[in-house]
> 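The structure's right below; bear with me while I get my questions together.
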Number of protein chains: 2
Amino acid sequence: MVTNTKEKAVPCPVTGMIELIGGKWKPIILYCLRTDKRRFGELAVRIPAISRKVLTEQLKELEADGLITREQFNETPPRVEYGLTTLGKSLAPVLSEMEKWGMKHIINKKKK
Amino acid sequence: MVTNTKEKAVPCPVTGMIELIGGKWKPIILYCLRTDKRRFGELAVRIPAISRKVLTEQLKELEADGLITREQFNETPPRVEYGLTTLGKSLAPVLSEMEKWGMKHIINKKKK
DNA sequence: CGTATTAGTTACCATACTGTTACTACTATT
DNA sequence: AATAGTAGTAACAGTATGGTAACTAATACG
């Protein structure tokens, strides 16, 4: 975004943020991981609307962007745990504000 | 999102929020309107990467969702001003957190 | 032996999203 | 008379995103 039309374009911090977590699912996945590490199957249960394929893709992207960690245990059946990196944890205030807003303006309205 | 796997699915506040402002452009548009009302052309200049068609669409959706107002002046050449509604203004803390995060973790990293 | 479990992958398809180009109406300016 | 400016719209095209179903490996259980 250009913040001053008379000067050069300035990279917008909001734009940069959207590029990282802008997907339909990423904020939800991060929100789901905010307190604990979770296994792939756990995430799938907690976010029922997402397909496993898309969940895999989103997790890969989040890992590539350094927001989450992936820990694989070579057991049978296999076990994988996802958790937040320091960078991922630093998103907490953002997610928390989103949660607050959603609680106030969406959840309450639906009850009417 | 299901917040407790043993009970029924609970609507996730983050999910609801994403549905409203989850697009690639909506947070940026709202961020752009956070301080002042702006004309269509102004928005187009400040967000150069968006096409006019998509800008029109996104503005319509935001208006339909009650987040922004549209004021049309029947002059020649025509003038239209967009601004935030009370609901739109209530998003300020969310956008502000996004801005802070972006400043810290994206803008600074690019300078390296 | 047949089935269940976990965390995926692969192939294929449908829809959503985004972009480009050209066009509108009306007036002021050159 | 031609051009510029505003805020779009219409038609069309391409890309991105998301979904389904079938399949994998290794072991445990009945």
Side-chain angles (χ1 to χ4, degrees), chain A residues 1-2 5-6 12 14-16 18-30 32-33 36-65 67-83, chain B residues 1-2 5 9 12 14-16 18-30 32-33 36-65 67-83:
Chain A
M1 190 181 107
V2 181
T5 45
K6 290 188 184 173
C12 167
V14 175
T15 305
I18 297 298
E19 276 164 19
L20 266 190
I21 63 154
K24 185 175 166 187
W25 302 108
K26 286 180 186 173
I28 303 173
I29 294 172
L30 293 168
C32 209
L33 290 173
D36 308 285
K37 289 190 171 185
R38 298 210 185 278
R39 301 178 58 177
F40 182 86
E42 269 184 289
L43 289 171
V45 169
R46 278 160 189 274
I47 315 174
I50 196 173
S51 71
R52 305 198 142 221
K53 188 194 95 174
V54 175
L55 180 54
T56 306
E57 285 169 2
Q58 302 293 306
L59 288 169
K60 269 186 193 160
E61 286 182 25
L62 286 170
E63 197 196 350
D65 290 334
L67 293 171
I68 65 171
T69 56
R70 181 179 187 277
E71 210 180 342
Q72 186 170 346
F73 301 88
N74 288 317
E75 303 168 358
T76 300
R79 187 158 64 96
V80 179
E81 277 186 1
Y82 292 94
Chain B
M1 191 182 106
V2 181
T5 46
C12 168
V14 175
T15 305
I18 297 297
E19 277 164 19
L20 265 190
I21 63 154
K24 186 174 166 185
W25 303 110
K26 286 179 186 174
I28 304 173
I29 294 172
L30 293 167
C32 209
L33 290 173
D36 307 287
K37 289 191 171 185
R38 299 208 183 279
R39 302 178 58 175
F40 182 87
E42 267 184 290
L43 289 170
V45 169
R46 277 160 189 274
I47 315 174
I50 197 173
S51 71
R52 304 197 143 223
K53 188 194 98 175
V54 176
L55 180 54
T56 306
E57 283 169 3
Q58 301 293 305
L59 288 169
K60 270 186 193 161
E61 286 182 26
L62 287 169
E63 196 196 353
D65 289 334
L67 293 171
I68 64 171
T69 55
R70 181 179 188 277
E71 211 180 340
Q72 185 171 346
F73 301 89
N74 289 318
E75 306 168 353
T76 300
R79 186 158 64 96
V80 179
E81 276 186 0
Y82 293 93

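Being a predicted model, the structure only gives us computed values, none of them experimental.
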> Just how far, in rounded Å, is P of dG5(D) from CD of E42(B)?
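Nearest whole value for this atom pair: 16 Å.
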
> What is the distance, rounded to the nearest whole Å, between atom NZ of K60(B) and atom P of dG8(D)?
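Nearest whole value for this atom pair: 8 Å.
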
> Taking any atom closer than 4.0 angstrom to a non-hydrogen atom of chain A, what span of DNA chain C does the protein reach, first nucleotide to last?
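Nucleotide range in contact with chain A: dT5(C) to dA11(C).
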
> What distance do I21(B) atom CD1 and L67(B) atom CG have between them, rounded to the nearest 0.5 Å?
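Nearest 0.5 Å value for the CD1-CG distance: 8.0 Å.
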
> Can you give me the closest heavy-atom contact between I18(B) and K24(A), atom names plus distance?
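Answer, listing the atom of I18(B) first, then K24(A): CG2-O, 3.8 Å.
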
> Bend angle of the helix from dC1(C)-dG30(D) to dT30(C)-dA1(D) from five-pair axes at both ends, rounded to 10°?
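Here the local axes at opposite ends form an angle of 10°.
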
> Show each protein N/O and nucleotides 17-21 of chain D N/O combination with a separation under 3.5 Å, one pair to a line.
| unit_1 | atom_1 | unit_2 | atom_2 | d |
| --- | --- | --- | --- | --- |
| dG19(D) | OP1 | A49(A) | O | 3.3 |
| dG19(D) | N7 | K53(A) | NZ | 3.3 |
| dG19(D) | O6 | K53(A) | NZ | 2.3 |

> How long is the span from the CD1 atom in I28(A) to the CZ atom in R46(A), to the nearest 0.5 Å?
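Those atoms lie 14.0 Å apart.
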
> Which part of the nucleic acid does Y82(B) contact within heavy-atom distance under 4.0 Å: base, sugar-phosphate only, or nothing?
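Sugar-phosphate, no base atom in range.
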
> Can you check whether L43(A) reaches L59(A) side chain to side chain, under 4.5 Å on heavy atoms?
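Heavy-atom side-chain distance check passes, below 4.5 Å.
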
> Donor-acceptor pair, R38(A) side chain versus C32(A) backbone, under 3.5 Å?
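Present.
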
> Let me confirm one number: the CD-OG distance from E57(B) to S51(B), rounded to the nearest 0.5 Å.
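Result: 7.5 Å between the selected atoms.
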
> Looking at K37(A) and E42(A), what are the two nearest heavy atoms and their distance?
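Residues K37(A) and E42(A), closest heavy atoms: O-OE1, 4.3 Å.
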
> What is the separation between atom CD on E75(A) and atom C1' on dA25(D), rounded to the nearest whole Å?
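Rounding to the nearest Å, CD of E75(A) and C1' of dA25(D) are 15 Å apart.
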
> OP1 or OP2 of dT6(D) sitting under 4.0 Å from any side-chain N/O of R39(B)?
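Answer is no, no contact under 4.0 Å.
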
> Indicate the atoms forming the closest heavy-atom contact of L33(A) with Y82(A), along with that distance.
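Scanning both residues completely, I find the closest heavy atoms to be CD2-O, 3.5 Å.
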
> Output the distance between atom NZ (K60(B)) and atom CD1 (I68(B)), rounded to the nearest 0.5 Å.
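Going from the NZ atom of K60(B) to the CD1 atom of I68(B) covers 11.5 Å.
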
> Which heavy-atom pair separates V80(A) from Q72(A) by the least distance, and what is that distance?
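Of all heavy-atom pairs spanning V80(A) and Q72(A), the closest is CG2-CG, 4.2 Å.
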
> From CG of L59(B) over to C1' of dA7(D), roughly how many Å is that when rounded to an integer?
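Roughly 11 Å, once rounded to whole Å.
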
> Minimum heavy-atom separation for R52(B) and A44(B), please, with both atom names.
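Taking R52(B) first and A44(B) second, the nearest heavy atoms are NH2-CB, 3.8 Å.
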
